[in-house]
Amino acid sequence: MTQVKAYAAEKADKPLAPFQLDRRGVSENDVEIEILFCGVCHSDIHTARNEWGGTMYPVVPGHEIVGKVSKIGSKVKSHKIGDTVGVGCFVDSCGHCGNCEDDLEQYCENGHSQTYNSHLQDKKTITYGGYSSHIVVTEKFVLKVSDKLDLAAVAPLLCAGITTYSPLKHWNCKKGDKVAVVGLGGLGHMAVKIASSMGAEVTMLSRSPEKEKDARELGAHHFKLTTDKGNMEKMASSFDLIINTVSAKHDYNEYLSLLKTNGTMVLLGAPPEPLPVSAFSLILGRRSLVGSLVGGIKETQEMLDYCAEHNIVSDIELINIDQVNEAYERTLNGDVHYRFVIDMASLKN
């Protein structure tokens with residue numbers, strides 16, 4: 001075991017604070033990573049504050065990790081010391097179920113191992129995330145990152161990037177498609193960038209008129225206020241695909257009416273309570289309401305390569321680790337454009 005510096009929440013009602021963490025030693029198939037940057041995801045806040053239940057304290061959040069390989073095991077072939085790499089939302093899976101064999105480790109039938117507040121495949125060892133100086137990960141779950149991009153701005157691609165890329169790819173977003181994105185936040189801003197890069201005609205649907213300028217700069221071709229009933233009526237049966245990133249309570253049926261025949265609305269946000277869906281919202285247009293998680297390791301690597309090729313990164317605000325509690329509050333207040341990223345060098349000072 002190696003002791004490393006970290007930041008942890010020790011109770012739901014306590015701020016994150018400095019913490020000493022024991023990392024496992026590097027086995028033959030492991031890669032040790034010196035963490036350079038770690039994004040702040042809304043999931044980190046939910047978990048640190050036990051808002052979803054099941055938090056195992058102390059918890060070290062962070063699953064948007066970019067760093068440099070500092071050690072490798074004797075059997076590691078795909079990475080070498082000094083490589084720039086990333087780690088996303090999970091660090092292992094069973095490897096033998098149908099989903100794992102289909103490169104869908106995120107849907108592992110035996111339960112994938114999340115990067116923090118989870119268990120490794122021994123179902124005993126608790127995982128701790130990227131708010132730390134180093135992490136040790138099985139080789140297969142370490143991703144290659146291009147040095148051509150701003151590495152701090154790459155970090156959120158490991159969650160927000162793949163969460164939006166995966167459904168756009170799965171539902172075959174292509175040139176000429178009409179795609180709507182609901183909600184301009186950490187996920188929404190990546191959905192706009194990626195969908196527009198794929199050639200889609202992108203419309204941002206928002207309740208906030210002040211977000212129009214940003215939406216257009218990110219690549220949206222149109223901006224429509226959802227508070228304007230006239231707008232909503234005019235957009236009926238307009239879109240092939242809707243990427244819905246909103247986690248607050250809202251009317252799914254209102255947005256389903258905007259889909260063309262055979263159109264699909266993908267849920268990426270998770271409202272705190274079940275929301276009603278009228279059968280007729282689906283039946284009358286043979287519309288689909290679906291959900292999507294992050295991508296598997298193969299698809300996440302594909303996303304990173306795609307973003308490097310198209311010069312796509314997240315819009316970020318870089319902070320020091322001692323600003324993380326303030327960043328949590330600002331995230332909750334919507335005061336971030338559009339992702340906080342922690343400069344982990346500040347942890348070592």
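Just so it is clear, the model here is predicted, and its values are computed rather than measured.
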> Which pair of heavy atoms, one from K144 and one from Q301, lies closest together, and at what distance?
Replying inline: N-OE1, 2.8 Å
> Tell me, which pairs form a ring pair (Phe, Tyr, Trp, His ring centres under 6.0 Å) where one or both residues lie in residues 166-204, sequence neighbours left out?
Replying inline: H189-Y338
> T127 side chain to S118 main-chain N or O, any donor-acceptor pair under 3.5 Å?
Replying inline: yes
> When you check the gap from the basic side-chain N to the acidic O, do D214 and K211 get nearer than 4.0 Å?
Replying inline: no
> How far apart are the C-alpha atoms of H119 and M56, what are their side-chain angles, what is the distance that settles it, and do they pass the side chain to side chain contact (heavy atoms under 4.5 Å, CB included) test?
Replying inline: CA-CA 10 Å; H119 290 99; M56 298 177 285; 3.6 Å; yes
> Any chance CZ of R207 has more than 12 other-residue heavy atoms, nucleotides or ligands included, within less than 6.0 Å?
Replying inline: no
> According to the interplanar angle, ranging from 0 to 90°, do the rings of H250 and Y255 count as parallel (below 30°), tilted (30 to 60°) or perpendicular (above 60°)?
Replying inline: perpendicular
>> Please find the pair of heavy atoms, one from C94 and one from N110, that lie closest to each other, and give the distance.
In response: SG-ND2, 3.3 Å
> Would you say E139's side chain and S78's backbone share a donor-acceptor pair under 3.5 angstrom?
Replying inline: yes
> Does the distance from a Lys or Arg side-chain N to an Asp or Glu carboxylate O, for K68 and D147, drop under 4.0 Å?
Replying inline: yes
>> With a 4.0 Å cut-off on N to O distance, would you call K229 and E233 a salt bridge?
In response: no
> Quick check: does any side chain N or O of T245 sit under 3.5 Å from a backbone N or O of G183, one acting as donor and the other as acceptor?
Replying inline: yes
>> With a 3.5 Å distance limit and no angle check, can you tell me whether E201 reaches the backbone of K178 through a side-chain donor-acceptor pair?
In response: no
>> Among D177, L259, V179, exactly one meets side chain to side chain contact (heavy atoms under 4.5 Å, CB included) together with L241. Which residue is that?
In response: V179
> Heavy-atom count around F280 CZ within 6.0 Å, excluding the residue itself: above 12?
Replying inline: no
> So among V136, T138, T115, which one has a side chain to side chain contact (heavy atoms under 4.5 Å, CB included) with V91?
Replying inline: T115
> Salt bridge or not for R23 and E34, using N-O below 4.0 Å?
Replying inline: no
> Should D103 and E299 be marked as a side chain to side chain contact (heavy atoms under 4.5 Å, CB included) after you check the CA-CA gap, both sets of side-chain angles, and the distance that decides it?
Replying inline: CA-CA 8 Å; D103 298 312; E299 187 174 52; over 6 Å; no
>> How about NZ on K71, more than 12 heavy atoms from neighbouring residues, nucleotides or ligands closer than 6.0 Å, or not?
In response: no
> Can you list every pair that meets ring pair (Phe, Tyr, Trp, His ring centres under 6.0 Å) and has a residue in residues 21-52, with sequence neighbours left out?
Replying inline: H42-H46, H46-W52
> Are more than 12 heavy atoms from other residues, nucleotides or ligands located less than 6.0 Å from atom CZ of R286?
Replying inline: no
> Charged N to carboxylate O under 4.0 angstrom, E309 versus K148?
Replying inline: no
> In chain order, what residues pass the side-chain hydrogen bond (donor to acceptor under 3.5 Å, both in side chains) check against K80, with sequence neighbours excluded?
Replying inline: D83
> Is there a side chain to side chain contact (heavy atoms under 4.5 Å, CB included) between N99 and C108 once you walk through the steps?
Replying inline: CA-CA 6 Å; N99 283 338; C108 176; 5.7 Å; no
> Taking everything shown except K11 itself, do over 12 heavy atoms lie less than 6.0 Å from its NZ?
Replying inline: no
> Quick check: does any side chain N or O of E32 sit under 3.5 Å from a backbone N or O of V26, one acting as donor and the other as acceptor?
Replying inline: no
> If you look at every heavy atom in S314 and M190, which pair is closest and at what distance?
Replying inline: OG-SD, 3.2 Å
> Which heavy-atom pair separates H79 from V69 by the least distance, and what is that distance?
Replying inline: CB-CG2, 4.4 Å
> Is the number of heavy atoms from other residues, nucleotides or ligands under 6.0 Å of K123 NZ greater than 12?
Replying inline: yes
>> Looking at every heavy atom in both L256 and S281, which two are closest together, and how far apart are they?
In response: CD1-CB, 3.8 Å
>> Using modelled atom types and a 3.5 Å cut-off, is there a donor and acceptor pairing between side-chain atoms of Y165 and backbone atoms of A191?
In response: no
